[in-house]
Enquirer: 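Let me begin by handing over the structure; questions about it come next.
By convention in this document, chain letters (A, B, ...) are assigned in the order of the sequence lines, proteins followed by strands, and residues within each chain are numbered from 1.
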There are 2 protein chains.
Amino acid sequence: MRPYERDPAEIYRQSFATVRAEANLDRFDTGMQSLAVRLIHACGMVEVADRIAYSQGAYLAGHRALKAGAPVLCDCEMVGAGIIRRYLPSDNQVIVTLNDPRTPDHAKAIGNTRSAAAVELWEPHLEGAVVAVGNAPTALFHLLEMIDAGAPKPAVILGFPVGFVGAAESKAELAARSRGCEFIALRGRRGGSAIASAAVNALAAGLPEER
Amino acid sequence: MRPYERDPAEIYRQSFATVRAEANLDRFDTGMQSLAVRLIHACGMVEVADRIAYSQGAYLAGHRALKAGAPVLCDCEMVGAGIIRRYLPSDNQVIVTLNDPRTPDHAKAIGNTRSAAAVELWEPHLEGAVVAVGNAPTALFHLLEMIDAGAPKPAVILGFPVGFVGAAESKAELAARSRGCEFIALRGRRGGSAIASAAVNALAAGLPEER
């Protein structure tokens, strides 16, 4: 067997050093740099740095919301499972409503997916929340529709749906018309729950100089 | 708001049709084709088809093991969260030992990561199991070390660790010397829990003609 690195601190150090050496992070401020490093670390692709779209205040808005105790609303269980609980600064709630017993019937009632129906159940928690979409384009599309219809606005929308039908389009819609919300997204088909969780973890862990 | 597809069946149909139209799947038999389609669907990248390494009997071995009731051993909670339980043919156990209370001390004792230590706790379940590694290269490396030292062999090893330190190397080791185990892996840095879960879901759901 070939030798391999077994020290977790050294693995993290080498990983983040490789990302910083290979990725093009110049356009980001310190907060977004640390977030971009975590996104890249989660997917193994330095080139995704070039596809990150975001609003200028997104990093600080998300970081402050978590410090103030905002809940994290996730579109699927995997995103929730990837959030490192010890990073969360205020014992924040992580809410996933996809498997709520009301969701399947509600999806039929509104003529949309279960993922979209689950987003409607976020409404009591939406104001000032951190929203993390790591799977379903319909969840992101429907959230924007709800905000258009007057739903409360989250502090930041983390838009990372993945795939071939609606993922690129929903993120383009968010980046073009974010409805006055701060946002961070990965343009195109790529995304996924590990990337969405990594974005939450980056907002939660804060800047290196705060640690 | 632009119009978007809201019908889940139609979203799946269009997604899989796009993958089949764009990905190069000719080298795969039917089982591996359906697995490759699910991997691509999980990450939004058709080009990963060209980086899948596998042993000839891997798909059937994994599928039969699940039918026979084999447990699924996952290296992190996210992989477990991504497994679609209703696909599992025999109410199979999904086992994640990363957060077992014994894991941190055991990691110190063996001088390896928590992920590697957690793999040692799989030992009573390893024989004939489906192993899904979607995060930690050290989990895959250490599993191979354990098999070298005489641990029972799983039915199939799904190798999808991700990242910059050891991911490519651990998967290259698996593909070059699989210790007589069936395996499916994604060469290089890319991987992750969504892809590992998708591989399990593909083995569980079986071939389209069986449904």
Enquirer: Does atom CZ of A:Arg187 have more than 12 heavy-atom neighbours from other groups under 6.0 Å away?
Expert: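 Not buried by this count: 12 neighbours or fewer within 6.0 Å.
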
Enquirer: If you define the side chain from C-beta out and look only at heavy atoms, does anything of A:Ile40 sit under 4.5 Å from B:Phe164?
Expert: yes

Enquirer: Side chain, backbone, both or neither: which part of B:Arg13 has an atom under 4.5 Å from a heavy atom of chain A?
Expert: neither

Enquirer: Using heavy-atom distances under 4.5 Å, tell me whether B:Ser170 contacts chain A through its side chain, its backbone, both, or neither.
Expert: neither

Enquirer: Closest heavy-atom contact between B:Glu5 and A:Thr138?
Expert: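 So the minimum-distance heavy-atom pair works out to O-CG2, 3.5 Å.
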
Enquirer: To the nearest 0.5 Å, what is the distance between SG (B:Cys43) and CE (A:Met45)?
Expert: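 CE of A:Met45 is found 7.0 Å from SG of B:Cys43.
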
Enquirer: Which bit of A:Ser197 comes within less than 4.5 Å of chain B, counting heavy atoms only: side chain, backbone, both or neither?
Expert: side chain

Enquirer: Just so I understand: if I count every heavy-atom pair under 4.5 Å between each of B:Glu169, B:Met1, B:Glu22 and chain A, which residue has the most?
Expert: B:Met1

Enquirer: Return the OG1 to CD distance between B:Thr113 and A:Glu10, rounded to the nearest 0.5 Å.
Expert: 13.5 Å

Enquirer: So B:Arg189 and A:Glu47, salt bridge (charged side-chain N to carboxylate O under 4.0 Å, His left out) or not? Walk me through it.
Expert: CA-CA 12 Å; B:Arg189 291 172 167 181; A:Glu47 67 273 22; over 6 Å; no

Enquirer: Test A:Asn112 against B:Tyr4 for side chain to side chain contact (heavy atoms under 4.5 Å, CB included), laying out the working first.
Expert: CA-CA 10 Å; A:Asn112 208 322; B:Tyr4 64 94; 3.0 Å; yes

Enquirer: Which donor-acceptor pairs under 3.5 Å do side chains of residues 103-111 of chain A form with protein atoms, sequence neighbours excluded?
Expert:
{"residue": "A:Thr103", "atom": "OG1", "partner": "A:Thr97", "partner atom": "O", "Å": "2.9"}
{"residue": "A:Thr103", "atom": "OG1", "partner": "A:Asp100", "partner atom": "O", "Å": "3.3"}
{"residue": "A:His106", "atom": "NE2", "partner": "A:Glu120", "partner atom": "OE1", "Å": "2.6"}

Enquirer: Could you tell me the separation between the CZ atom of B:Arg2 and the CG atom of A:Leu144, rounded to the nearest 0.5 Å?
Expert: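 Going from CZ on B:Arg2 over to CG on A:Leu144, the span is 10.0 Å.
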
Enquirer: Among the options A:Gly192, A:Gly80, A:Gly82, pick out the one with the most heavy-atom pairs lying under 4.5 Å from chain B.
Expert: A:Gly82

Enquirer: Side chain, backbone, both or neither: which part of B:Ala42 has a heavy atom under 4.5 Å from chain A?
Expert: backbone

Enquirer: By a 4.5 Å heavy-atom criterion (distance strictly below it), what part of B:Thr18 contacts chain A: side chain, backbone, both, or neither?
Expert: side chain

Enquirer: Measuring heavy-atom distances to chain A, does B:Ala176 have an atom under 4.5 Å in its side chain, in its backbone, in both, or in neither?
Expert: neither

Enquirer: In terms of heavy-atom proximity below 4.5 Å to chain A, should B:Ala194 be classed as side chain, backbone, both, or neither?
Expert: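 Contact with chain A is through both the backbone and side chain of B:Ala194.
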
Enquirer: Specify which of A:His41, A:Arg177, A:Arg114, A:Arg190 makes the most heavy-atom pairs with chain B at under 4.5 Å.
Expert: A:Arg190

Enquirer: Rounded to the nearest 0.5 Å, what separates atom CE in B:Met78 from atom CD in A:Glu77?
Expert: 11.0 Å

Enquirer: Tell me, yes or no, whether the heavy-atom count around B:Arg27 atom CZ, taken from other residues, nucleotides or ligands under 6.0 Å, exceeds 12.
Expert: yes

Enquirer: With a 6.0 Å cut-off (strictly less than), is the heavy-atom count around CZ of A:Arg179, excluding the residue itself, greater than 12?
Expert: yes

Enquirer: Answer with side chain, backbone, both or neither: which region of A:Ala117 has an atom nearer than 4.5 Å to a non-hydrogen atom of chain B?
Expert: neither

Enquirer: Flag the one option from A:His142, A:Gln14, A:Glu145 with the top tally of heavy-atom pairs under 4.5 Å to chain B.
Expert: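 Most heavy-atom pairs under 4.5 Å with chain B: A:Glu145.
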
Enquirer: For the residue pair B:Val165 and A:Ile11, what are the closest heavy atoms and their distance?
Expert: CG2-O, 3.8 Å

Enquirer: Check this for me: B:Arg85, atom CZ, are more than 12 non-hydrogen atoms of other residues, nucleotides or ligands nearer than 6.0 Å?
Expert: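 Atom CZ in B:Arg85 is crowded, with more than 12 foreign heavy atoms closer than 6.0 Å.
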
